[in-house]
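Shown next, in structure tokens, is the structure this report addresses.
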Amino acid sequence: MVNIASQLEGIIQVVPKKVLSLTDIDYKPRPSKWSKKEILGHLCDSANINHKRFVEILISKEPIVISGYNQDLWVQVHQYHSKFSVEEILNIWTSLNTQIIYLLSAITDEQLELQCKTEEQKAVTLEWLVTDYLDHMNHHLKQIIGK
Ligand code: NI
């Protein structure tokens with residue numbers, strides 16, 4: 001997991017500067033569509049949710065069932081668009097991912113094979129889940145800063 005941990009480390013080192021240089025961070029194309037600031041808030045929610053999943057998989061004796069979450073409502077209740085500055089969201093995002101990086105860098109190859117079940121009862125490994133976390137982040141970062 002050192003590989004993904006170091007990829008994440010690289011991301012949190014370069015992304016904040018790029019985000020702070022954006023001029024369209026607050027732009028909401030439609031009321032129902034997330035602004036870039038809200039997408040960043042969604043990445044904080046994803047970090048929270050996934051961090052908890054990773055820990056529970058590591059400490060549970062039995063394979064856990066991971067449940068989904070209502071992403072739009074999470075963004076809405078936090079009021080990322082109206083209450084938060086970009087700097088505040090970036091600080092939260094960086095802190096949460098720092099915690100995840102330290103967690104991941106201590107995970108052994110054996111632990112990567114630990115299983116959990118999705119809501120649809122599909123069996124997946126911790127490695128799959130961690131990779132999915134990074135892919136999801138990269139997908140949204142592309143929407144925010146391009147490339
Ligand atoms: Ni998403």
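Every number for a ligand or one of its atoms is a count from 1 in the order of the listing.
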Between Glu38 and Lys33, is there a side-chain N and carboxylate O pair less than 4.0 Å apart?
no
Give me each pair satisfying ring-ring contact (aromatic ring centres under 6.0 Å, His included) with a member in residues 4-47, each pair once, sequence neighbours excluded.
Trp34-His42, His42-His136, His42-His140
Does atom NZ of Lys28 have more than 12 heavy-atom neighbours from other groups under 6.0 Å away?
yes
Tally every protein N/O/S atom whose distance to the Ni ion (ligand 1) is less than 2.8 Å; waters are neither shown nor counted.
3
I need the Leu43 CG to Gln143 CD distance, nearest 0.5 Å.
9.0 Å
Results of side-chain contact (heavy atoms from CB on, under 4.5 Å) for Ile11 - residues two or more places apart only
Val15, Trp93, Leu134, Met137, Asn138, Leu141
Mind checking side-chain hydrogen bond (donor to acceptor under 3.5 Å, both in side chains) for Glu113 and listing every partner two or more places apart, or none if nothing turns up?
none
